[in-house]
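Before any comments, here is the structure.
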Amino acid sequence: MIVEYLRYRIPEPSAAAFEAAYRRAGAVLATAPECVDYELTRCVDDPAQYILRIRWRSAEDHLGGFRNGPAFAAFFAEIKPYVDAIVEMRHYVATGVEGRGGAVPTLYEWAGGAAAFERLFTAFYQRVREDAELSELFRAMDPEHPRHVAAWLGEVFGGPAAYSTQRGGHPHMVGMHVGKGITERQRRRWVELLQDAADETGLPADPEFRAAFTGYVEWGSRMAVLLSQPDTRPDPDAPMPAWTWALPPWQPPAG
């Protein structure tokens with residue numbers, strides 16, 4: 001494992017465009033088998049400073065595999081305008097000095113953050129497109145839909161409020177289901193494929209996380225069926241769901 005850190009200095013007028021470019025570039029990283037995960041952070045004390053962290057399987061996978069592979073061109077096209085804003089770029093190896101504090105992580109953090117959810121829904125919607133039960137329901141799906149749903153679930157699980165600020169929050173998601181007439185058979189198939197994609201993409205398999213994940217998937221999919229029926233009038237002021245642990249995540253005893 002190798003960790004790449006890039007430090008950027010981005011003037012305030014360019015900050016929103018810079019973050020948007022990395023959201024698009026992140027969608028490319030989410031498809032790259034050489035990439036383990038990534039995170040873009042912004043300095044509170046000096047907001048012009050950004051740190052991008054990317055974990056690669058190895059230095060060879062990054063410098064040889066990814067940079068010479070099919071995903072690099074699309075990734076670089078998004079971040080090219082900001083190359084001159086890089087202040088520092090270094091690779092680091094883990095020392096083994098690590099541990100957790102006493103805070104209970106959110107489901108979003110435990111799952112692996114935005115990258116984990118984007119991998120999940122990229123794989124999931126590929127299954128949906130090929131599925132006899134669901135393909136027609138998603139026939140007109142926006143190519144960006146997997147990324148949007150990843151932002152939704154990330155926010156529901158305690159991550160950044162990206163769906164609320166960029167997509168209209170809960171009313172927008174409800175509106176996507178109105179009039180669809182989703183059947184119970186389709187709902188069950190949707191749940192089955194999502195669980196398969198969770199296994200395929202390496203979402204945490206511990207009982208506590210999967211219980212919380214499955215609980216939301218069951219609740220959310222059943223709400224989708226109800227809200228999609230012809231005579232249903234959704235509440236436009238219903239709040240964004242917020243999901244957390246049924247039981248705190250199990251950790252081995254210290255020592």
Side-chain angles (χ1 to χ4, degrees), residues 30 106-108 110-112 114 116-247:
T106 62
L107 293 169
Y108 173 83
W110 190 265
F117 291 117
E118 290 187 8
R119 285 194 298 271
L120 170 67
F121 284 105
T122 297
F124 169 66
Y125 281 108
Q126 182 59 46
R127 290 172 177 266
V128 164
R129 290 187 187 98
E130 300 167 356
D131 187 76
E133 292 286 343
L134 298 176
S135 58
E136 182 61 24
L137 191 62
F138 290 92
R139 179 173 52 83
M141 181 173 61
D142 182 340
E144 291 294 297
H145 187 66
R147 185 171 66 84
H148 297 326
V149 179
W152 164 271
L153 188 61
E155 182 172 344
V156 170
F157 277 11
Y163 197 90
S164 289
T165 57
Q166 299 167 23
R167 299 291 296 170
H170 190 259
H172 182 270
M173 180 59 82
V174 170
M176 296 289 289
H177 295 86
V178 170
K180 296 288 187 182
I182 300 169
T183 67
E184 172 60 16
R185 184 181 179 91
Q186 289 172 323
R187 185 199 73 80
R188 290 192 180 197
R189 184 60 175 156
W190 191 93
V191 170
E192 179 183 8
L193 292 183
L194 188 57
Q195 297 284 13
D196 288 345
D199 291 339
E200 175 189 333
T201 58
L203 221 57
D206 56 282
E208 292 82 4
F209 177 80
R210 284 303 181 95
F213 177 78
T214 301
Y216 174 74
V217 167
E218 281 288 331
W219 179 84
S221 63
R222 290 175 186 276
M223 288 298 296
V225 170
L226 292 173
L227 294 169
S228 72
Q229 301 312 307
D231 297 330
T232 302
R233 297 292 178 267
D235 177 3
D237 299 318
M240 189 77 171
W243 218 256
T244 189
W245 302 93
L247 292 171

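Quick note: residue numbers are just sequence positions, from 1.
Looking only at side-chain heavy atoms (C-beta outward), Glu192 and Arg127 stay at 4.5 Å or farther from each other. The shortest side-chain heavy-atom distance between Lys180 and Leu227 does not fall under the 4.5 Å cut-off. Using a 4.5 Å cut-off on side-chain heavy atoms (C-beta onward), Leu153 and Tyr108 make no contact. Here the side chains of Met240 and Tyr163 are in contact, with some heavy-atom distance below 4.5 Å. With a 4.5 Å cut-off on side-chain heavy atoms, Met223 and His177 do not count as touching. Using a 4.5 Å heavy-atom threshold, the side chains of Leu137 and Ile182 count as touching. Side chains of Phe117 and Val149 form no contact here, defined as non-hydrogen atoms less than 4.5 Å apart. Between Pro239 and His170 there is no side-chain heavy-atom pair separated by less than 4.5 Å.
In this structure a side-chain-to-backbone donor-acceptor pair under 3.5 Å is missing from Thr214 to Ala211. Proximity of a side-chain donor or acceptor of Gln229 to a complementary backbone N or O of Thr183 within less than 3.5 Å is not detected. Proximity of a side-chain donor or acceptor of Arg129 to a complementary backbone N or O of Leu134 within less than 3.5 Å is not detected. A donor-acceptor contact shorter than 3.5 Å is absent between the side chain of Glu208 and the backbone of Ala246. Formation of a donor-acceptor pair under 3.5 Å by the Ser221 side chain with backbone atoms of Val217 is found in this model. Side-chain N or O atoms of Thr122 include none that pairs as donor or acceptor with a backbone N or O of Arg119 at under 3.5 Å.
Here the CD atom belonging to Glu136 is positioned 9.5 Å from the CD atom belonging to Gln186, to the nearest 0.5 angstrom.
Residues Pro143 and Pro146 come closest through the heavy atom pair O-CD, 3.4 Å. Between Leu226 and Thr232 the shortest heavy-atom distance is O-OG1, 2.8 Å. The two residues Leu247 and Trp245 come nearest to each other via the heavy atoms O-CB, 3.1 Å. Of all heavy-atom pairs between Ala162 and Thr165, the closest is O-OG1, 3.2 Å. Across all their heavy atoms, Thr106 and Gly158 have their closest contact at CG2-O, 4.0 Å. Of all heavy-atom pairs spanning Ala111 and Ala116, the tightest one is O-CB, 3.2 Å.
Between Tyr125 and His145, the distance from one ring center to the other falls under 6.0 angstrom. Taking the ring centroids of Trp190 and Phe124, they lie under the 6.0 Å cut-off.
If you check the side chains of Glu130 and Ser135, you find no donor sitting under 3.5 Å from an acceptor.
Using a 4.0 Å cut-off between charged nitrogen and carboxylate oxygen, Asp142 and Arg147 do not count as a salt-bridge pair.
Applying the ring-ring contact (aromatic ring centres under 6.0 Å, His included) test between Trp243 and each of Trp219, Trp152, Trp110 identifies Trp219 as the sole match.
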Legend entry - Stepwise salt bridge (charged side-chain N to carboxylate O under 4.0 Å, His left out) check, Glu144 with Arg167: CA-CA 12 Å; Glu144 291 294 297; Arg167 299 291 296 170; over 6 Å; no
Legend entry - side-chain contact (heavy atoms from CB on, under 4.5 Å) between Arg210 and Gln195, intermediate numbers included: CA-CA 9 Å; Arg210 284 303 181 95; Gln195 297 284 13; 4.2 Å; yes
Legend entry - Stepwise side-chain contact (heavy atoms from CB on, under 4.5 Å) check, Val156 with Tyr216: CA-CA 9 Å; Val156 170; Tyr216 174 74; 3.8 Å; yes
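Counting non-hydrogen atoms of neighbouring residues, nucleotides and ligands closer than 6.0 angstrom, the CZ atom of Arg188 reaches no more than 12 such neighbours.
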